[in-house]
Amino acid sequence: GINKSLSALGDVMEALDKGSNHVPFRNSKLTYLLQDSLGGSARCMFIFAASPSELNSDETRCTFKFAKRLRGITLGAAKKNVDVSALEDRLNEARADAAAAAREAKG
């Protein structure tokens with residue numbers, strides 16, 4: 001279930017933090033699918049949601065425990081920096097094309 005997958009995710013994050021030779025990505029489908037997003041040149045951020053409802057207190061407690069486990073983990077800076085100037089140029093071209101199309105549509 002989800003708790004087993006989150007436990008495996010915590011194990012992967014700890015192994016990456018420690019620079020371990022073996023990172024257990026294959027211990028769950030979740031970590032296997034996230035392998036490219038967790039290692040290498042990727043950055044990741046976790047957002048945890050908690051419920052104030054007493055009905056969800058067990059899940060909220062587990063969420064806080066998991067967040068506390070990951071809180072001390074630092075994977076470091078992304079290894080690959082992307083030059084965004086080419087993306088900005090393409091965005092500006094697309095904006096100009098859209099403006100030209102809007103002018104042409106008005107006639």
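In what follows, residues are counted from 1 in the order of the sequence shown.
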To the nearest 0.5 Å, what is the distance between [atom1] ([X]) and [atom2] ([Y])?
{"X": "L30", "Y": "S7", "atom1": "CG", "atom2": "OG", "answer": "11.5 Å"}
{"X": "S51", "Y": "D58", "atom1": "OG", "atom2": "CG", "answer": "11.5 Å"}
{"X": "L9", "Y": "L70", "atom1": "CG", "atom2": "CG", "answer": "6.0 Å"}
{"X": "L87", "Y": "N92", "atom1": "CG", "atom2": "CG", "answer": "11.0 Å"}
{"X": "N27", "Y": "K4", "atom1": "CG", "atom2": "NZ", "answer": "8.5 Å"}
{"X": "L6", "Y": "T31", "atom1": "CG", "atom2": "OG1", "answer": "10.5 Å"}

Discussion item. Run the side chain to side chain contact (heavy atoms under 4.5 Å, CB included) test on M13 and D17 for me, step by step, so that the C-alpha distance in whole Å, both residues' side-chain angles and the decisive distance to 0.1 Å come before the verdict.
Written reply: CA-CA 6 Å; M13 298 298 289; D17 183 41; over 6 Å; no
Check: Among the clusters formed by ILVMFWY side chains lying less than 4.5 Å apart, do F66 and F64 turn up in the same one?
Finding: no
| message | With a 6.0 Å cut-off (strictly less than), is the heavy-atom count around CZ of F46, excluding the residue itself, greater than 12? | response | yes
* With a cut-off of 6.0 Å (strictly less than), are more than 12 heavy atoms of other residues, nucleotides or ligands near CZ of F48? -> yes
Closest non-hydrogen atoms of S20 and H22, given as atom of the first, atom of the second and distance, are OG-O, 3.0 Å
Tightest non-hydrogen contact, residues L16 and L38, listed as CD1-O, 3.5 Å
Note to self: I'd like to know if the side chain of T60 and the backbone of S57 have a donor-acceptor N/O pair within less than 3.5 Å.
What the structure shows: no
Using a strict cut-off of less than 4.0 Å between a Lys/Arg side-chain nitrogen and an Asp/Glu carboxylate oxygen, indicate whether R69 and D11 qualify as a salt bridge. yes
